[in-house]
Student: 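Got a structure for you, questions after.
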Protein chains: 2
Amino acid sequence: MNDIDKQIANIIQADGKASSAEIANHVGISVSSANERVRKLKSIGAITQWRGVLNPSAFGVELLVFIFVDMSYEGEYEATCALTECPEVQEIHHISGPHSYLLKVRVKNTVALQEFINTSVKPLKAVVKTETLMVLDTSKETTEIDLGHLNKGG
Amino acid sequence: MNDIDKQIANIIQADGKASSAEIANHVGISVSSANERVRKLKSIGAITQWRGVLNPSAFGVELLVFIFVDMSYEGEYEATCALTECPEVQEIHHISGPHSYLLKVRVKNTVALQEFINTSVKPLKAVVKTETLMVLDTSKETTEIDLGHLNKGG
DNA sequence: GGTGAAAGAAGATAACG
DNA sequence: CGTTATCTTCTTTCACC
């Protein structure tokens with residue numbers, strides 16, 4: 001994992017459709033070498049997947065919310081497993097602070113949100129309390145990580 | 001935008017490397033038709049981009065945090081613009097409730113977090129207060145949206 | 001909208017320097 | 001690690017239903 005690998009990863013995380021030729025040109029190596037590096041980055045789990053990103057509202061999914069979920073220790077594992085299975089749940093984070101978990105959830109509308117909370121969250125044994133934050137507007141949303149100055153702070 | 005389009009979008013959001021032939025097979029149309037539908041989904045903005053997803057820890061980015069940012073109205077726009085430019089910031093959501101904004105931020109470690117808050121957040125005029133939630137563990141993280149039962153709740 | 005065929009581009013593999 | 005050659009696969013385009 002040297003600087004060229006990071007450059008390649010950076011290209012791919014910005015454009016999943018970048019061809020091997022484009023990658024090779026940008027980092028200044030041959031196509032076959034670029035191919036080999038991408039293969040290796042994938043095999044060691046540095047690049048985990050390729051995805052198309054959809055515009056939720058184009059599919060009628062208009063609501064984005066974050067939900068704090070407070071859980072008791074008993075049944076915690078089962079609860080997170082159940083939540084993982086919910087297609088509306090995009091992210092599940094175990095967090096520090098007064099709340100146990102933070103969920104990122106996308107649903108069609110408030111009716112669907114109500115239904116999700118009532119049928120998929122509240123029935124879980126471990127769930128003690130929930131607190132929902134409605135997102136009014138999202139000005140940035142990317143999966144890109146900062147590979148620009150990895151020496152920062154370390 | 002019919003059912004076949006949604007099926008195609010669903011395949012692509014799960015696997016950005018799915019070939020036209022694979023897509024065509026799965027939805028039961030010809031390769032050229034599948035291609036045309038993908039082109040159209042892209043042109044109408046239903047599919048916004050293709051991305052490779054990196055494993056942050058493979059690149060030394062070990063910390064994920066959510067930061068509540070309270071802002072005054074004055075300078076709010078400039079502040080969000082400035083935050084948008086920060087590579088550490090993956091998401092910026094304007095939210096309801098006592099806090100103004102919720103940021104999703106990835107940095108190398110606590111030192112980098114400290115530096116980010118001190119140099120990129122606190123100096124912004126509109127920023128009144130911040131509250132940082134540390135993520136201890138992430139059990140699910142995807143960009144996929146639920147296209148399975150779009151009639152839910154509507 | 002959909003199909004199938006053909007030409008061009010890109011990917012994967014292997015031998016060699 | 002780069003080059004070249006080869007094989008395979010995907011994409012794009014076009015004429016046609």
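The sequence lines fix the lettering, A, B, ..., with proteins before strands; numbering per chain opens at 1. Atoms considered below: every heavy atom in the structure, side chains included; atoms not considered: hydrogens, waters and symmetry mates.
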Student: Which side chain to side chain donor-acceptor pair (under 3.5 Å) pairs, counting each pair once, include a residue from residues 45-65 of chain A, with sequence neighbours left out?
Tutor: A:Q49-A:R51, A:R51-B:E144, A:N55-A:S57
Student: Under the 4.5 Å side-chain heavy-atom rule for ILVMFWY, direct or indirect, which residues accompany B:L136?
Tutor: none
Student: Any chance you could pull the hydrophobic cluster mates of B:V31, using side-chain heavy atoms under 4.5 angstrom and chaining through other members?
Tutor: none
Student: Does B:S32 have any side chain to side chain donor-acceptor pair (under 3.5 Å) partners at least two apart in sequence or in another chain, and if so, which?
Tutor: B:S30
Student: Under a criterion of less than 4.0 angstrom to any heavy atom of chain B, what are the 5'-terminal and 3'-terminal contacting nucleotides of DNA chain D?
Tutor: D:dC10 to D:dT13
Student: So A:F66 and B:F66, would you call those rings parallel, tilted or perpendicular, with 30° and 60° as cut-offs?
Tutor: perpendicular
Student: Pairs counted only when both distances fall under 3.5 Å, Watson-Crick or G-U: show me the 5' to 3' dot-bracket for DNA chain C, [ ] for pseudoknotted crossings and | for other-strand partners.
Tutor: ||||||||||.||||||
Student: CG of B:N25 to OG of B:S20: how many Å apart, nearest 0.5 Å?
Tutor: 11.0 Å
Student: Sequence neighbours left out, what passes side-chain contact (heavy atoms from CB on, under 4.5 Å) with A:A126? Give chain and number order.
Tutor: A:M71, A:S72, A:A79
Student: Output all residues satisfying ring-ring contact (aromatic ring centres under 6.0 Å, His included) with A:F116, sequence neighbours left out; order by chain, then residue number.
Tutor: none
Student: Within residues 13-26 of chain B, find the residues that approach DNA chain D with a heavy atom at under 4.0 Å, and present them sorted by residue number.
Tutor: B:S19, B:S20
Student: Using the side-chain contact (heavy atoms from CB on, under 4.5 Å) criterion, which residues pair with B:A82? Sequence neighbours excluded.
Tutor: B:L124
Student: Using the side-chain contact (heavy atoms from CB on, under 4.5 Å) criterion, which residues pair with B:T138? Sequence neighbours excluded.
Tutor: A:H93, B:L64, B:V135, B:E141
Student: Mind running a 4.0 Å heavy-atom check of residues 33-54 of chain A against DNA chain D and sending the residues that fall below it, in number order?
Tutor: A:S33, A:R37
Student: Looking only at heavy atoms, what is the nearest atom pair of B:A112 and B:K108, with distance?
Tutor: CB-N, 4.0 Å
Student: Is it the case that over 12 heavy atoms from other parts of the model lie below 6.0 angstrom from the NZ atom of A:K42?
Tutor: no
